[in-house]
Asks: 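Starting off with a structure, shown below.
Proteins come first, then strands; the chains are lettered A, B, ... in the order of their sequence lines, and each starts at number 1.
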Number of protein chains: 2
Amino acid sequence: MSPDIKHFNPDVVLDDAVRVFWRQGMPATGIQALVSATGLSRSSLYATFGNKDGLYAAALGRYIEQHSTPAFAALSAAPTGLTAIEDFFTGLIGVRCSGPVAGWGCMVTNAHAGPESADPAIRELLDAHHQTLQSAMRSALHTAAGLGQLAASVDLDAAAAVLATLAYGVNLRSRAGAAADTLREAVAGALVPLRAHPAPAPTPQEVPPQ
Amino acid sequence: MSPDIKHFNPDVVLDDAVRVFWRQGMPATGIQALVSATGLSRSSLYATFGNKDGLYAAALGRYIEQHSTPAFAALSAAPTGLTAIEDFFTGLIGVRCSGPVAGWGCMVTNAHAGPESADPAIRELLDAHHQTLQSAMRSALHTAAGLGQLAASVDLDAAAAVLATLAYGVNLRSRAGAAADTLREAVAGALVPLRAHPAPAPTPQEVPPQ
DNA sequence: CTTAACTTGGAATGGACGTTCCAAGATTCG
DNA sequence: CGAATCTTGGAACGTCCATTCCAAGTTAAG
């Protein structure tokens with residue numbers, strides 16, 4: 001059917017593009033930088049992704065698929081409740097503040113701040129990302145409630161909204177070089193008031209009334 | 001001393017530049033757009049601010065001085081405690097989601113995401129902004145504690161870190177068109193657990209023990 | 001083996017970028 | 001009034017931008 005097939009793997013190319021867009025942002029990234037990073041030519045880039053906006057949208061989708069979705073799925077499915085939320089933020093802060101992508105922030109978070117956030121295709125990705133994060137948080141909180149980890153007064157939806165919104169703040173501040181300890185303090189401060197106070201009596205069966 | 005003085009007011013010019021940088025971001029804004037917005041020529045811009053980076057830094061400083069500092073000062077000095085924090089976020093969300101700058105987010109928040117955040121001069125502004133916000137939050141929480149508005153278990157520093165970090169998330173999500181109600185829910189979810197439970201007995205003098 | 005279909009590298013295009021330079025205008029000093 | 005000094009508008013600079021185009025290369029179909 002096709003006399004010739006692509007000589008490259010689009011997903012690998014997208015991973016290269018992600019790294020450039022992630023670090024530099026969309027408007028500050030030129031086509032030449034993408035050509036150099038991906039190793040293929042302008043023609044192939046344009047034939048595959050249309051134009052720069054299309055390549056950016058594809059790269060952002062790839063980022064979400066590779067980085068966000070697995071973390072959200074783990075958070076959502078974990079049976080450990082509050083511990084899973086702690087692990088989520090611990091891993092997040094670890095990645096943001098040390099290792100090969102330290103100081104890059106989160107590509108989705110960064111995308112909010114640029115002019116690309118006005119593009120409807122991008123905005124759809126941002127909104128879906130936010131909703132997925134928030135519902136993963138809500139799911140973990142629901143698990144935590146079942147485990148008796150939460151204070152009775154906690155509103156699951158409101159708490160999920162807080163934690164999801166807080167995550168953007170953590171990502172953002174990490175890009176300006178905020179210390180990991182500072183970010184951890186903010187996360188801890190948000191989690192502490194959710195936690196059920198340890199029962200004064202050693203009967204671990206139910207939350208004490210009132 | 002000077003055979004000719006500037007024919008313009010630098011602060012007014014900066015206000016014009018702020019509007020352009022704020023909405024479009026630094027890398028997506030060209031000199032031509034700044035010339036058009038300010039009404040003065042390239043020569044005068046370069047003579048006054050050095051180059052584009054200098055103009056951006058000056059504009060960011062002007063934004064902080066004009067928008068952030070007054071809000072932070074009001075938050076810090078208000079005698080109303082938790083109410084002042086609520087007012088801060090209510091005003092914030094109102095400005096972000098409706099009116100002439102709706103959908104622009106916060107220029108300082110936006111600055112975190114771009115490559116400009118790597119510039120040491122910019123990073124200094126970002127760090128100072130964050131510290132000022134956080135200490136204003138901490139001050140308002142201290143006032144709230146004095147008014148008996150806070151649950152006894154609340155750690156003022158941790159709560160201030162949460163609220164300051166959350167503000168960045170609110171600013172960011174507003175730029176992607178998040179609904180005001182959604183943002184208000186996140187803020188409310190962060191404030192509710194801080195609040196002292198109303199005393200069951202009508203003696204408003206002290207928080208009930210335990 | 002020829003032909004058609006498709007990818008690929010690299011040159012070419014026009015426009016916008018940030019920055020510099022210079023002549024002209026304006027004002028204060030001698 | 002003349003000279004010096006600074007600002008101003010606008011042209012000019014070379015570079016990089018995103019995008020298009022074309023010839024060469026490669027493979028499947030006939």
Asks: Evaluate the side-chain hydrogen bond (donor to acceptor under 3.5 Å, both in side chains) criterion for residues A:S36 and A:Q32: first the C-alpha distance (whole Å), next the side-chain angles of each, then the deciding distance (0.1 Å), finally the verdict.
Replies: CA-CA 6 Å; A:S36 302; A:Q32 178 55 46; 3.1 Å; yes

Asks: Measure CZ/A:F49 against P/C:dT7 and give the value in whole Å, please.
Replies: 13 Å

Asks: Could you check how far CD of B:Q24 sits from C1' of C:dC17, rounded to whole Å?
Replies: 14 Å

Asks: Does A:H67, at its NE2 atom, have more than 12 non-hydrogen atoms belonging to other residues, nucleotides or ligands within less than 6.0 Å?
Replies: yes

Asks: Tell me whether the count of non-hydrogen atoms from other residues, nucleotides or ligands lying under 6.0 Å of CD in A:Q66 goes above 12.
Replies: yes

Asks: Rounded to the nearest 0.5 Å, what separation is found between the NE2 atom of B:H112 and the OG atom of B:S117?
Replies: 7.5 Å

Asks: Whole angstroms only, please: what is the CG-C1' distance between B:L40 and D:dT7?
Replies: 11 Å

Asks: B:W22 vs B:W104 aromatic rings, parallel, tilted or perpendicular, using cut-offs 30° and 60°?
Replies: perpendicular

Asks: Take a 6.0 Å sphere around CD of B:E65 and say whether it holds more than 12 heavy atoms from other residues, nucleotides or ligands.
Replies: yes

Asks: Does A:S44 place a side-chain N or O at less than 4.0 Å from the phosphate oxygens OP1/OP2 of C:dT7?
Replies: no

Asks: I'd like to compare against my own output: the B/S/- annotation of nucleotides 15-20 of chain D with a strict under-4.0 Å heavy-atom distance to protein.
Replies: ---SBB

